[in-house]
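What you see is a predicted model, and the numbers here were worked out from it, not measured in a lab. Throughout, protein chains are lettered first and strands after them, A, B, ... in sequence-line order, and every chain is numbered starting at 1.
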Amino acid sequence: MTLGLINANPIVREKKERINRAEAADHDAIDPLDIYDILNLISIDLVHIVRDIRDPEHPYSLEQLSVLSEDSITVDHNLARILITFTPTIQHCSMATVIGLCLRIKLKDCFPPHFKLDIKVAPGSHADEEAVNKQLNDKERIVAAMENPNLRQLVEEFDGSRSFSFDRNNKLSASNTSRLASEIGSSHSARFTSYEKLMRLDHHVDYIASNNNRSRNVTWRFLTKIFSLKKSSGGDSEEKMSVPSKSWRPDPNSRWPLQGW
Amino acid sequence: MTLIEEEGLQLTQVQTLEGHTDRVWGLAWKPATGTAGTPAMLVSCGGDKTVRIWKQRSTSSTSFDCLEVLEEIHTRTVRSCAWSPSGEKLATASFDATTAILEQNGNEFECVSTLEGHENEVKSVSWNASGSLLATCSRDKCVWIWEVLPGNEFDCVSVLQGHTQDVKMVQWHPTVDVLFSCSYDNTIKVWAEDGDSDDWRCVQTLGESNSGHSSTVWAMSFNATGDKMVTCSDDVTIKVWGVDIARLQSGDTSASWGHLCTLSGYHDRTIFSVHWSREGIIATGAADDAICLFIESEDHSVDGPKYKLLLKKEKAHDMDINSVRWSPTENRLLASASDDGTIKIWKLASMH
């Protein structure tokens, strides 16, 4: 799939100029342009990380499920607002809301807390666009969803290198495929491997080489923060909700289902 | 109706209450405090799963101290809190699907009852005017009505189904036992007891076809006399509704609410909270970090009362404002709660 490559070149060229402007600015202040650039880097990062992942058992890679385009990110510096749009290629409602939730959580630490973030599906890309956008931007629902232990585990393990798939019953599940595991070892090294892959691409090498160390370090610091370098462990969830079993209470898994938040 | 002297009115920050380690979702002033020699008390709740009680240092001071931090009450975000009309009991609603009833014992608060039944997050809790009934609502689309019995017993009287989505807030009418709920389904529903069968049912739905909101309705508030209601929404408008109060109070459950006025263009992001003071000032708090105050306009149109902006306090907080509440006793004292983890106390006064 060449969509990622088609996007990558224009983004990189623009970025070159932008970084040069930013160098002149005050290095201590948080430059919104840095944030913007980082967000664009994330979009390249995600696109490249997921592009190569294909597993015959799980036909849909994350890239095929959800694409961040070059128009994905709009930053209004004056109002401190950021709009991110993504295009789910698969028109499956629960998928879009879960992916949107993952994006929001991962991008949360990308910019100062007073920035307001809106995440939407690209216009016309989804049958229930309005409903999905509404859910993706209902702060209360998002907070409650993140307190759902099932959803939180899924979101925290989302690092762009996993493939999502639907089983026979159309239930969403994430998996580290056997091919992935053998190719990239632990997920810790996966992120470095992927970033190195980026570096190896010619245009990226030119881009990186043309910037000073400071820009690169800032960028790398942000990236490592976002894709937090802890091993994804299926087993431990930090807090166990000790729910006394009572007959009236429905099964915790169905009460707080993965897709219906 | 009080004539409001508008000249030079400003909203001045009196104090900032810090302590919460996550966003503050809700707050409530304790009834019958802040007057007649009793220091004012306030409860707040938030994403740090705590319920905090704040008390005015003395009746002459403007400072509040944190009296107590209640940590073991809930296992998830505490979304809403409400005092019973007498101030004896405190109800807290949480994302852990329970509603806790607390009582003050000396200087401590203890949980005397836990109401269970909702299938998932409880969003709001409200006591009726006499304190004999309690209502809760949840993402499970239901509204539960509980009867308050002696010995801290709470019996579920009715489970009201009707909303097609997440119910955001419930609020009892200030004078009659009529319940209002607002929801993610963009509607406001009015629930009353059917005189004959003692069954609670939905007697009216205020939706887009009745000039209602076009997105999630987050909150409602009534004026002192109960003949008007104000609602706020994700559609960034504020709407005022009216009813024939004589009919309502005579027990006519068919007394219907009609749209009076829509206020738009004052906030540009979701309006999370609205509260009508006894004096008639409407306060709103929104995700644009601003507080707006509205009063009735002297220009009465032929269609009914009109409202106008008294003032807009931009950047009242650093982040979204989740709740605004007027003090029930001290005139023109307003509290606001925010995502920035703070509660601010404001005084509306003329600078002359």
Side-chain angles (χ1 to χ4, degrees), chain A residues 76 78-83 93 97 108 111-120 128-152 237-261, chain B residues 22-23 25-26 46-47 49 74-80 94-98 114 116-124 138-141 156 165-169 183-186 214-216 218-219 234-235 268-270 272 286-289 314-315 317-322 338-341:
Chain A
D76 183 327
N78 294 329
L79 292 174
R81 298 194 187 163
I82 299 169
L83 171 66
C93 191
T97 54
K108 194 164 66 82
F111 31 79
H114 70 274
F115 266 71
K116 302 195 189 282
L117 173 62
D118 291 319
I119 299 184
K120 297 188 174 178
D128 293 320
E129 182 180 324
E130 224 180 277
V132 172
N133 286 341
K134 189 176 180 183
Q135 193 174 346
L136 284 179
N137 295 288
D138 182 317
K139 181 175 76 176
E140 189 188 62
R141 291 286 281 265
I142 292 159
V143 166
M146 285 317 293
E147 290 188 348
N148 167 351
N150 300 325
L151 257 180
R152 190 161 78 191
S237 46
E238 314 81 55
E239 107 208 9
K240 271 215 187 103
M241 227 202 60
S242 51
V243 172
S245 57
K246 289 197 174 176
S247 54
W248 65 267
R249 228 185 269 245
D251 168 37
N253 285 318
S254 62
R255 164 197 246 173
W256 282 295
L258 218 53
Q259 281 130 322
W261 56 270
Chain B
D22 200 316
R23 55 171 45 95
W25 276 112
K49 307 170 196 165
H74 290 290
T75 52
R76 288 200 184 172
T77 288
V78 190
R79 176 65 178 89
S80 154
S94 167
F95 285 179
D96 65 9
T98 70
T114 305
E116 295 169 337
H118 279 295
E119 284 175 25
N120 45 47
E121 301 94 53
V122 188
K123 304 285 174 97
S124 173
S138 158
R139 177 166 66 86
D140 66 8
K141 308 170 196 157
C156 174
Q165 293 272 9
D166 182 15
V167 189
K168 298 295 195 187
M169 184 185 186
S183 163
Y184 185 101
D185 68 10
N186 310 349
S214 54
S215 190
T216 303
W218 279 96
D234 178 56
D235 68 6
D268 64 347
R269 286 183 77 84
T270 306
F272 285 115
D288 58 7
D289 313 344
E314 306 254 21
K315 279 291 158 201
H317 281 271
D318 294 331
M319 294 168 75
D320 291 11
I321 296 169
N322 298 316
S338 166
D339 275 0
D340 64 16

Item to check | CA sep, side-chain torsions, deciding dist, call: R81(A), D268(B), salt bridge (charged side-chain N to carboxylate O under 4.0 Å, His left out) | outcome: CA-CA 12 Å; R81(A) 298 194 187 163; D268(B) 64 347; 3.1 Å; yes
Next on the checklist: Within the structure provided, determine whether E140(A) and E121(B) are in side-chain contact (heavy-atom separation under 4.5 Å).
Outcome noted: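 They are not in side-chain contact.
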Next on the checklist: Is D118(A) in contact with chain B via its backbone, its side chain, both, or neither, using a 4.5 Å heavy-atom distance?
Outcome noted: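 For D118(A), the contact with chain B is made by the side chain alone.
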Checklist entry - Minimum heavy-atom separation for P113(A) to M319(B), with atom names? => result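 Closest heavy-atom pair between P113(A) and M319(B): O-CE, 3.4 Å.
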Checklist entry - What's the shortest heavy-atom distance between R141(A) and K168(B), and which atoms? => result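 Answer, listing the atom of R141(A) first, then K168(B): CG-NZ, 4.1 Å.
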Checklist entry - Taking every heavy-atom pair that is under 4.5 Å apart, which of D138(A), L79(A), V143(A) has the most such pairs with chain B? => result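 When all of D138(A), L79(A), V143(A) are compared, D138(A) has the most.
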Next on the checklist: Distance check, rounded to the nearest 0.5 Å: Q165(B) atom CD versus Q135(A) atom CD?
Outcome noted: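 Output value for this atom pair is 8.0 Å.
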Next on the checklist: Nearest 0.5 Å, please: how far is CG in N137(A) from OG1 in T270(B)?
Outcome noted: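 Spacing of OG1 (T270(B)) from CG (N137(A)) equals 8.5 Å.
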Between the side chain of [X] and the main-chain N/O of [Y], is any donor-acceptor distance below 3.5 Å?
{"X": "K116(A)", "Y": "A287(B)", "value": "yes"}
{"X": "E147(A)", "Y": "F95(B)", "value": "no"}
{"X": "K134(A)", "Y": "Y184(B)", "value": "yes"}

Item to check | Derivation and outcome, salt bridge (charged side-chain N to carboxylate O under 4.0 Å, His left out), residues K139(A) and D339(B) | outcome: CA-CA 11 Å; K139(A) 181 175 76 176; D339(B) 275 0; 3.0 Å; yes
Item to check | Closest-packed option against chain A by number of heavy-atom pairs under 4.5 Å, given D140(B), D320(B), D288(B) | outcome: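 Highest number of pairs under 4.5 Å: D320(B).
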